[in-house]
Amino acid sequence: MSHSVRVFPTREALAQNFAAILIKDLDRVEPDHFYTIALSGGSTPEYIFRYLAENYAERISWEKLLVFWGDERCVPPEDEESNYRMAFESLLQNVPIPDANIFRIRGEDDPPAEARQYAELVSSTIPEYRDLPQFDLMLLGLGDDGHIASIFPDRPDLFTSGELFEVVYRPDRKQKRITATGRLINNSSKIYYIVTGKGKASIVSAIVEGKSGSELYPASRIMPGSGHLVWMLDNEAASMLKVGKNQ
Ligand code: 6PG
């Protein structure tokens with residue numbers, strides 16, 4: 001699989017680069033068209049969101065963005081655990097984006113019904129590519145156990161599921177979640193991993209370098225049909241990579 005690995009000296013430099021990507025992509029969007037993005041939960045995405053709000057509230061064409069989520073915890077939107085709450089407080093409430101452009105997963109609703117409802121919403125709002133909705137940009141954090149969105153290592157079936165969104169249960173957190181499935185994620189036009197910190201160095205090197213056993217990590221199965229997969233790392237997360245960067 002081809003991917004590019006971009007390493008930045010700091011989280012701030014990574015965030016600046018991500019902002020530059022958004023600015024460039026949004027500048028190319030024709031009038032009356034939109035750019036669809038699926039957000040992720042997690043601490044690194046949260047840092048990036050805050051950085052964008054603090055430094056780019058006026059410089060990004062937020063009104064061209066349609067915001068979705070790749071996963072959500074089944075909790076009300078004001079809950080500490082809500083991915084929507086995190087993105088709203090860190091970014092969305094601080095930038096000029098119309099409410100009508102924000103499509104949250106309703107974590108407070110019945111999970112199976114909401115997974116179906118959200119799949120319908122995504123299908124009816126986002127243009128298709130190869131018979132599946134295609135996000136322009138899918139943002140992914142990386143879990144210590146190699147999970148992405150809420151696809152954990154015990155659910156490889158979520159890569160062959162015919163549904164767009166499914167409900168998963170996290171016994172360790174006693175929590176249900178709704179997640180985009182592997183086929184939907186891999187149908188995205190661009191997928192960006194955003195990963196920082198020393199704690200992620202080992203899992204990053206296992207997956208990026210395809211070490212033996214790493215095929216069991218959900219993140220190893222991220223291969224967008226478009227071929228556009230980018231790992232955005234800070235120095236710490238990249239510290240165990242042996243191969244050359246920007247491959
Ligand atoms: C979530 C996620 C999840 C997250 C990773 C990384 O809702 O928790 O979408 O996939 O991105 O667990 O999270 P950290 O950056 O906090 O390690």
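Just follow the structure's listing: the first ligand is 1, and inside any ligand the first atom is 1.
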*Would you check whether G42 has a nitrogen or oxygen atom less than 3.5 angstrom from a nitrogen or oxygen atom of ligand 1?*
no
*Enumerate the atoms of ligand 1 whose separation from the nearest heavy atom of R177 is less than 4.0 angstrom.*
1 (C), 7 (O), 8 (O)
*Give yes if a backbone or side-chain nitrogen or oxygen of S40 is under 3.5 Å from a nitrogen or oxygen of ligand 1, and no if not.*
yes
*Taking only heavy atoms of T44 into account, list the atoms of ligand 1 that are under 4.0 Å away from them.*
15 (O)
_If the cut-off is 4.0 Å to any non-hydrogen atom of S43, which atoms of ligand 1 fall inside it?_
14 (P), 15 (O), 16 (O)
*Is it true that the NZ or CZ of R170 lies under 6.0 Å from the centre of F152's six-membered ring and within 45 degrees of the ring axis?*
yes
*Minimum non-hydrogen distance to atom 7 (O) of ligand 1, winning option of N83, D145, T196, L39*: N83
*Can you tell me if S61 uses its side chain to pair, donor with acceptor, with the backbone of E63 under 3.5 Å?*
no
*Distance only, no hydrogens: is a donor on one side chain within 3.5 Å (strictly under) of an acceptor on the other, for T196 and T44?*
yes
*Compare every heavy atom of A57 with every heavy atom of P96, then report the nearest pair and how far apart it is.*
CD-O, 3.3 Å
*asked:* For E89, is there an ion pair with R85 - N to carboxylate O distance below 4.0 angstrom?
replied: yes
_Closest protein heavy atom to atom 4 (C) of ligand 1, given as residue, atom name and distance to 0.1 Å_ = G41 O, 3.5 Å
*asked:* Check contact between K200 and ligand 1, using heavy atoms of the residue and a distance below 4.0 angstrom.
replied: yes
*Does E81 pair with R173 as a salt bridge, N-O distance under 4.0 Å?*
yes
*How are the rings of F18 and Y192 set to each other: parallel, tilted or perpendicular (split at 30° and 60°)?*
perpendicular
*Region of H147 that comes within reach of ligand 1 [heavy atoms, distance under 4.0 Å]*: side chain
_Are any of the N/O atoms on P45, whether in the backbone or the side chain, positioned under 3.5 angstrom from an N/O atom of ligand 1?_
no
*What atoms of ligand 1 come closer than 4.0 angstrom to any heavy atom of A149?*
2 (C), 3 (C), 9 (O), 10 (O)
*Which one holds for L142 and ligand 1: side chain close, backbone close, both close, or neither close, with close meaning a heavy atom under 4.0 Å?*
backbone
*More than 12 heavy atoms from other groups under 6.0 Å of NZ on K190*: yes
_Is a donor from one side chain sitting under 3.5 angstrom from an acceptor on the other, for D71 and T179?_
no
*Specify the protein heavy atom at minimum distance from atom 2 (C) of ligand 1: its residue, its atom name, and the distance to 0.1 Å.*
D71 OD2, 3.4 Å
*Going by heavy atoms, is R73 under 4.0 Å from ligand 1?*
yes
*Charged N to carboxylate O below 4.0 Å: is that the case for K211 and E215?*
no
*Atoms of ligand 1 close to G141 [distance to a heavy atom under 4.0 angstrom, numbered from 1]*: 11 (O)
